[in-house]
Amino acid sequence: MRILIVDDEQMALTSVKRILRHRNFRDVEVCDNGRDAVRLIKEKDFDIVLLDIIMPEVDGLEVLEATKPYRPATEFIMLTAVDDVSLSVKAVHLGAYDYLVKPVDNDRLLLSIERAYERKGLRTGLAGAGSARKKRQIPPAFADTITRDPRMIELLHYADTMARSGNPFLITGESGTGKELLARGIHRVGPSPDGPFIAVNVGSVPESLFEGQFFGYVKGAYTGATVDHAGYFEQAHGGTLFLDEIGELAPNLQVKFLRTLEEKAIIRLGEKKVRQVDVRIASSTNTDLDRAVQEGRFRLDLFYRLNSAHVHLPPLRERAQDIPLLADHFLRAACSRHKKEVRGFSPEAMDLLTKMRFPGNIRELAQVVERCVLLADSTLILPRHLEGGESSVVSFGRTLCTLKENDEIHVAYVLNQTRGNRREAARILGVTVRQVQRKLARMKKDPRWKGELGGL
């Protein structure tokens, strides 16, 4: 994150810069007058500008008015010793994100910076922005992510900044887009990178075992509890608990989960001792939590608790330029596993690969490449090695479809390929058996799928 501090008081510049450096904001510049600030903002691409209003010659509102049209993606936070409603209204009208009255509480300032950067990140994602930063490097904590897509790199920088606070993080996106990989990067850049990273698929934990699995139990707590067991919260103490598919959490369990997050304490089944847990929560879902909240299937207070920061990962079809990079990575990994010598893809095979839709996203691409390596009888992957593996062109009679239909097509395809084996289909799709069964049940009730699901 690039930040510019503009204030005509040297003491204020030094103080704010020191606060930001203490919180690991390293790319910070200062300016002591409005005229130079206008020049700097037009010349450089700052993410956040902390702008004093009362300055000689050119004041903060004039700086804002002169530069916002040139830097619409830059977020401005106005700082002033004058608590004037008319000034705050004018600042917001000119495009300022926030208006803070001096002396500003440190935590309030940092929160405003984080929220401003969050809004910038959301705008970047919605607009597909990032062209001005195509040469930006992937943050070190996210080095495992293979991409050269400007939007993805911008999202990684956004996640890198927002993760430093240690607040809960919500990751959304379709199945197979790399949500757990992103969560591991968030853990590495957070305040406790040396702590444990515990990943749990929430949907795979039966309701009857939920408390024992998450909160733990002591010997004799119930039949079969032969030893003391530390639950997921205790296992993740001092680190990160990653909750995959949080949208699958049953309504009656959401209250217990929320209480644990608020009190930062658990009680094992079979004992009365309260155990404090220091856990950073990262969660993910491929479902629409906003709709789940509106429909009463997910608690609003829990949603807000989990959604302190939010990143939405784009599907692979929106970052097609990454397909050759990812395919080469999976090719080398598959060759190593299977002791085969395949140098790469023929131009024709790569052209075919880049035109596939991959409703299963990166996970499906990895499976397609692995199948090609197993079938390969030459040093190059050829188009014939991709035959039968192009699930993305299976349309069940449809050429154009909605995202929901596209998701259903992929589920139907995988179930057909596994001969109706729900457990195997769930493993390939990266979801729970229960999710597959629910999806299939809804599809069978949908007249659009009448006669197309066979004996599934």
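Just so you know, residue 1 is the first one in the sequence shown, and it goes up from there.
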What residues, two or more places apart in sequence or in another chain, satisfy salt bridge (charged side-chain N to carboxylate O under 4.0 Å, His left out) together with R21?
none

More than 12 heavy atoms of other residues, nucleotides or ligands under 6.0 Å from CZ of R275: yes or no?
yes

Does the side chain of D160 reach to within under 4.5 Å of the side chain of F142, using non-hydrogen atoms?
yes

Those residues that, when tested against E9, pass salt bridge (charged side-chain N to carboxylate O under 4.0 Å, His left out) (two or more places apart):
none

Heavy-atom pair with the smallest gap, counting every atom of P315 and T177:
CA-CG2, 3.9 Å

Report the distance from atom CG of L182 to atom OG of S284, rounding to the nearest 0.5 Å.
9.5 Å

Taking all non-hydrogen atoms of both residues into account, name the closest pair between G60 and L51 and its distance.
O-CD2, 3.2 Å

What's the shortest heavy-atom distance between H187 and T240, and which atoms?
ND1-OG1, 2.7 Å

Contact between Y99 and T80 at the side-chain level, heavy atoms closer than 4.5 Å - yes or no?
yes

Please table the atom pairs, donor to acceptor, closer than 3.5 Å between any side-chain atom in residues 292-305 and protein atoms at least two apart or in another chain.
| from | atom 1 | to | atom 2 | distance (Å) |
| --- | --- | --- | --- | --- |
| E295 | OE1 | R297 | NE | 2.8 |
| E295 | OE1 | R297 | NH2 | 2.8 |
| R299 | NE | D301 | OD1 | 3.0 |
| R299 | NH2 | D301 | OD2 | 2.7 |

Sequence neighbours excluded - side-chain hydrogen bond (donor to acceptor under 3.5 Å, both in side chains) pairs with any residue from residues 192-212:
E211-K256

Would you mind telling me which of L13, L109, V30, V6 makes a side chain to side chain contact (heavy atoms under 4.5 Å, CB included) with L50?
L109

Is it true that D27 and R2 have a side-chain N and a carboxylate O under 4.0 angstrom from each other?
yes

For the pair R35 and E62, evaluate salt bridge (charged side-chain N to carboxylate O under 4.0 Å, His left out) and give the outcome as yes or no after the intermediate values.
CA-CA 9 Å; R35 195 176 303 281; E62 291 173 316; over 6 Å; no

Ion pair check, D7 and K102, cut-off under 4.0 Å
yes

Can you name the closest pair of heavy atoms from T285 and G247 and give their distance?
OG1-N, 4.0 Å

I want to check something: taking the side chain as every heavy atom from C-beta on, are R268 and D228 in contact at a cut-off of under 4.5 Å?
yes

Let me confirm one number: the CZ-OG1 distance from F25 to T161, rounded to the nearest 0.5 Å.
6.5 Å

Would you please classify the geometry between the F257 ring and the F214 ring as parallel, tilted or perpendicular, with 30° and 60° separating the classes?
perpendicular

Report the distance from atom CD1 of I41 to atom CG of L4, rounding to the nearest 0.5 Å.
5.5 Å

Residues S175 and N361: closest non-hydrogen pair is O-ND2, 2.9 Å

Is the shortest side-chain heavy-atom distance between F330 and L325 below 4.5 Å?
no

Can a side-chain donor-acceptor contact be found between Q435 and T432 if the only test is distance below 3.5 angstrom?
yes

Side chain to side chain donor-acceptor pair (under 3.5 Å) between S112 and D98: does it pass, once the steps are laid out?
CA-CA 7 Å; S112 182; D98 206 352; 2.8 Å; yes

Hey, is E65 close enough to K90 for a salt bridge, meaning N to O under 4.0 Å?
no

Rounding to 0.5 Å, atoms CD (E118) and NE2 (H310) come to a distance of 9.0 Å

Charged N to carboxylate O below 4.0 Å: is that the case for E29 and K17?
no

Can you list everything that forms a salt bridge (charged side-chain N to carboxylate O under 4.0 Å, His left out) with D288? Sequence neighbours excluded, please.
none

Give the minimum heavy-atom separation between I146 and H329, together with the two atoms involved.
CD1-CG, 3.1 Å

To the nearest 0.5 Å, atom CZ of R280 lies from atom CD1 of I186 at 6.5 Å

For R363, all residues meeting salt bridge (charged side-chain N to carboxylate O under 4.0 Å, His left out), sequence neighbours excluded
none

Quick one: do the D149 and T147 side chains pair a donor with an acceptor below 3.5 Å?
no

Spacing of D52 atom CG and N33 atom CG [to the nearest 0.5 Å]:
12.0 Å

Go through the side-chain N and O atoms of E75 and Y117 and say whether any donor and acceptor fall under 3.5 Å apart.
no

